[in-house]
Amino acid sequence: MIHILDIHSHKPGEGAIYNLTIEELRVPPPYFNQKQWLSVGLHPWSLTEEWRKDFLHVRKWALLSQVKAIGESGLDKIIKSPYQHEAFFAHVKLSEEVGKPLVIHCVKAVDEIIKIHKLFGPKQPWIFHGFRGKPQQAEQLLKEGFYLSFGEHFNSDSVQICPADKLCLETDESCLSIKEIENRIRKVRKSESESFSKDLLFQ
């Protein structure tokens, strides 16, 4: 039985989905833990003209049972890369092919991500990781069926309106533990009984 509380982390740990780096995708490190839950994908910042070769590694990893999610992948308007859309579409298709949720990296591209979601009509969940947006934006995404993942930095109003079954937790690159982040979320929501584990989402 898996028990996933931290859906996106850059630090390995029990109950966490560890996001492999581009280097680890290419060459698994000697300390690699076969029991560690993983997510695999090409971050928009990592895309080069050779991204298709790297994506072959993503495809290979994605078939493993310990890989619970595809990503993070998405669109980032702060960087200029001619490969973002093509790479994101490839991750969307892979998510559907292997039947695993897609972890979304989005910077200043919410409306575009929503349009792409409508275009593909995916069966797999899409999770906005590191969500810090205002409640109006949260409501827009929730209406479209997205999950929202909150980390160390979040908008309290957005946390309050997010249904527990659509609310995920993550450490990402934070120095805080997932329990500390969970406690902060519970304080905002004034709840001690809600479950934020997402075991069923990542079967």
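Heavy atoms only: backbone and side chains are in, while hydrogens, waters and symmetry mates are out.
Checked by atom type and distance alone, the side chain of Asn155 never pairs as donor or acceptor with a backbone atom of Pro135 at under 3.5 Å. Here the side chain of Arg26 pairs no donor or acceptor atom with the backbone of Asp54 at under 3.5 angstrom. No donor-acceptor distance shorter than 3.5 angstrom exists from the side chain of Gln124 to the backbone of Leu102, with no hydrogens or angles considered. Remark: the backbone N or O of Lys166 is not paired with any side-chain donor or acceptor of Lys198 at under 3.5 angstrom. Using a distance-only test at 3.5 Å, with no hydrogens or angles considered, a donor-acceptor pair links the side chain of Gln36 to the main chain of Gly13. Side chain of Lys68 to backbone of Ile17: no donor-acceptor contact under 3.5 angstrom is found. A donor-acceptor contact shorter than 3.5 Å links the side chain of His91 to the backbone of Leu42. Side-chain atoms of Glu96 come within 3.5 Å of backbone atoms of Lys123 as a donor-acceptor pair (strictly under, hydrogens ignored). Side chain of Ser158 to main chain of Gly133: a donor-acceptor pair is present (N/O by atom type, distance under 3.5 Å, no hydrogens or angles). With Asp199 contributing its side chain and Ile4 its backbone, the two residues share a donor-acceptor pair below 3.5 Å.
Nearest heavy-atom pair across Cys175 and Glu152 is N-OE1, 4.5 Å. Closest approach of Phe150 and Ile181 over heavy atoms only: O-CG2, 4.1 Å. Heavy-atom minimum distance, Ala90 versus Phe55: O-CZ, 3.5 Å. The minimum heavy-atom distance linking Ala62 with Val67 is given by the pair CA-CG1, 4.1 Å. Scanning all heavy atoms of the two residues, the minimum distance from Lys11 to Leu176 falls at NZ-O, 4.1 Å. Residues Gly71 and Asn19 come closest through the heavy atom pair O-ND2, 2.8 Å.
Hydrophobic clustering places Val110 together with Leu119 (ILVMFWY residues linked when any side-chain heavy atoms are closer than 4.5 Å, directly or through intermediates). If you chain together hydrophobic residues whose side chains sit under 4.5 Å apart, Ile161 and Phe196 never meet in one group. Using a 4.5 Å cut-off between side-chain heavy atoms of Ile, Leu, Val, Met, Phe, Trp and Tyr, with links allowed through other members, Phe88 and Val98 fall into the same hydrophobic cluster. Both Tyr83 and Leu94 sit in one connected hydrophobic cluster of ILVMFWY residues. Membership requires side-chain heavy atoms under 4.5 Å apart, directly or through other members. By the criterion of side-chain heavy atoms lying less than 4.5 angstrom apart, applied directly or through intervening Ile, Leu, Val, Met, Phe, Trp or Tyr residues, Trp51 is grouped together with Phe89 in one hydrophobic cluster.
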Next item on the list: Under the side-chain contact (heavy atoms from CB on, under 4.5 Å) rule, what do Ile7 and Tyr147 come out as? Steps first, then yes or no, please.
Entry: CA-CA 11 Å; Ile7 69 101; Tyr147 287 72; over 6 Å; no

Notebook entry, point to check: Given Trp61 and Tyr18, is the ring-ring contact (aromatic ring centres under 6.0 Å, His included) satisfied, shown in steps?
Noted result: CA-CA 13 Å; Trp61 278 95; Tyr18 173 62; over 10 Å; no

Next item on the list: Just do the side-chain contact (heavy atoms from CB on, under 4.5 Å) check on His57 and Val40 with the steps written out, would you?
Entry: CA-CA 9 Å; His57 295 295; Val40 294; over 6 Å; no

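Side chains of Leu75 and Ile116 form a contact here, defined as non-hydrogen atoms less than 4.5 Å apart.
Qualifying side-chain contact (heavy atoms from CB on, under 4.5 Å) partners for Glu14, counting only residues two or more places apart in sequence or in other chains: none.
To the nearest 0.5 Å, the span separating CG on Leu38 from CG on Leu25 amounts to 9.5 Å. Here the SG atom belonging to Cys168 is positioned 5.5 Å from the CZ atom belonging to Phe202, to the nearest 0.5 angstrom. Here Lys93 contributes atom NZ and Ile70 contributes atom CD1; the two are 15.0 Å apart, rounded to the nearest 0.5 Å. In this structure, the separation between CD1 on Ile104 and CG on Leu148 is 11.5 Å, given to the nearest 0.5 Å. A distance of 12.0 Å separates NZ in Lys80 from CD in Gln84, rounded to the nearest 0.5 Å. Here the CD atom belonging to Glu182 is positioned 11.5 Å from the CZ atom belonging to Arg189, to the nearest 0.5 angstrom.
Counting only N and O atoms by type, the side chains of Glu170 and Ser149 include a donor and acceptor under 3.5 Å apart.
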Hey, can you pull the donor-acceptor pairs under 3.5 Å for the side chains in residues 136-146, sequence neighbours left out?
| residue | atom | partner | partner atom | Å |
| --- | --- | --- | --- | --- |
| Gln140 | NE2 | Asp111 | OD1 | 3.4 |

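The side-chain contact (heavy atoms from CB on, under 4.5 Å) test with Asp76 is passed by exactly one of Pro44, Ser81, Cys106: Pro44. When each of His105, His10, His8, His129 is checked for a ring pair (Phe, Tyr, Trp, His ring centres under 6.0 Å) with His43, only His105 meets the rule.
One finds no salt bridge joining Glu112 and Lys115 here, because no Lys/Arg side-chain nitrogen approaches an Asp/Glu carboxylate oxygen to under 4.0 Å.
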